[in-house]
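Note: hydrogens, waters and symmetry copies are ignored here, and every other heavy atom, side chains too, is used. The shown structure was predicted, so the numbers you read here are calculated from the model rather than taken from an experiment.
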Amino acid sequence: MMTRHTILRVIAKFMIPYILLFALYVQFHGDFGPGGGFQAGVIFAAGFILYSLIFGIENGRKVMPPWLRRALLSIGVIIFGGTGLFGLILGGNFLDYNVLLENPVAGQHLGILLVELGVGITVSATMITIFFVFASQDQ
Amino acid sequence: MLLTGISVIFIRNLFAVVVLAGMFSLLAAVLYVVLDAVDVAFTEAAVGAGISTLLLLGTLALTTDKELAKTKIKIIPLLLVIFTGSVLILGTRDMPNFGDAKAPANLHVAPRYIEESMKETGLPNMVTSVLASYRGYDTFGEVVVIFTAAIGVLILLGQGYRKSRRGSGKIINKNSGEAE
């Protein structure tokens with residue numbers, strides 16, 4: 001743990017909220033500007049990894065315990081697949097968003113939002129998991 | 001970009017190689033921005049320059065940052081690589097020019113996406129609507145691949161970690177936290 005690197009710690013503490021906020025912006029603004037689930041997930045994970053690098057792996061573990069990481073890993077896939085299945089239940093095809101709401105365009109919008117959310121959750125959980133598994137090898 | 005690529009091959013200090021590879025990705029991202037592919041550039045910058053550099057640095061921390069002694073150049077693989085490369089470059093001569101409106105890729109489904117996607121999905125960013133809606137199956141496959149990768153890493157490394165912790169006595173067990 002880097003207890004002596006004051007500048008690093010202060011700057012990281014200052015930056016991390018903005019990194020996470022930017023990730024959320026990329027996630028939910030991906031419909032209108034560049035970005036989407038993949039990029040947002042990676043940026044979100046980068047925020048967590050920065051925290052763990054500066055304040056120690058153990059503190060990072062407390063923020064994001066393994067059970068939560070594993071749960072998020074599957075929740076993302078379930079959201080994506082669930083959106084697809086929900087379209088199937090409502091009488092459309094698999095991953096057909098037109099039937100999700102009364103208005104096909106609004107349905108498409110909702111479907112894309114949900115799907116991107118699923119992508120983002122899985123990607124960020126994957127990156128954080130890989131980092132933690134790698135980082136805990138040498139302890 | 002070429003310079004960083006060549007340096008990655010020849011530099012023996014792996015720390016420098018990782019940083020140069022990150023630079024290579026960043027330059028590639030700039031190239032994509034020049035080609036107006038902002039979404040791809042975004043991904044390249046976040047994944048190539050960001051996360052993979054971090055993961056490679058993490059790997060270096062586990063192993064070492066010195067490459068082992070240089071092996072001598074093998075002739076047959078070198079010739080094979082040069083041959084394959086030349087064939088590939090020869091193949092690009094048959095490809096349509098960049099931005100050619102009559103290229104097959106621009107005639108198939110692309111016009112429909114450009115004309116209809118705004119009406120059908122109401123999203124101004126066409127990349128997102130193609131990725132998540134028209135090509136939803138592909139994206140679902142990608143997510144499952146990433147999910148599988150994480151599961152694979154957990155099975156390979158996480159499990160081994162827990163076992164070695166159990167075998168190595170109580171004192172280390174206490175301060176190592178829980179296993180992955």
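With contacts defined as side-chain heavy-atom distances shorter than 4.5 Å, the pair A:I130/B:I51 does not qualify. Side-chain contact between A:F80 and B:T139 is present, with at least one heavy-atom pair separated by less than 4.5 Å.
Follow the hydrophobic side-chain contacts under 4.5 Å out from A:I79 and you reach A:L24 in the same cluster. B:V40 and B:V33 fall into different hydrophobic clusters, where Ile, Leu, Val, Met, Phe, Trp and Tyr are joined by side-chain heavy atoms under 4.5 Å apart, directly or via other members.
Using a 4.5 Å cut-off between heavy atoms, A:F38 contacts chain B through its side chain alone, with no backbone atom that close. In this structure, the portions of B:I146 lying under 4.5 Å from any heavy atom of chain A include both its backbone and its side chain. The contact between A:S74 and chain B is made by backbone and side chain atoms together, counting heavy-atom distances below 4.5 Å. Proximity to chain B is limited to the side chain of A:I49, based on heavy atoms less than 4.5 angstrom apart.
Nearest heavy atoms, B:A150 versus A:T126: CB-CG2, 3.5 Å. Smallest separation of non-hydrogen atoms from B:A46 and A:V42: O-CG1, 3.4 Å. Across all their heavy atoms, B:F147 and A:L73 have their closest contact at CD1-O, 3.5 Å.
Contacts from residues 78-92 of chain B to chain A, taken as heavy-atom pairs separated by less than 4.5 Å, involve no residues at all.
Of the inter-residue distances, the one linking B:L57 atom CG with A:F134 atom CZ reads 12.0 Å to the nearest 0.5 angstrom.
Taking chain B as the reference chain and counting heavy-atom pairs below 4.5 Å, the highest number among A:T122, A:V115, A:I112 is found for A:I112.
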For this session: Run the numbers on B:L154 and A:T129 for side-chain contact (heavy atoms from CB on, under 4.5 Å), then give the verdict.
Result: CA-CA 8 Å; B:L154 274 177; A:T129 304; 3.8 Å; yes
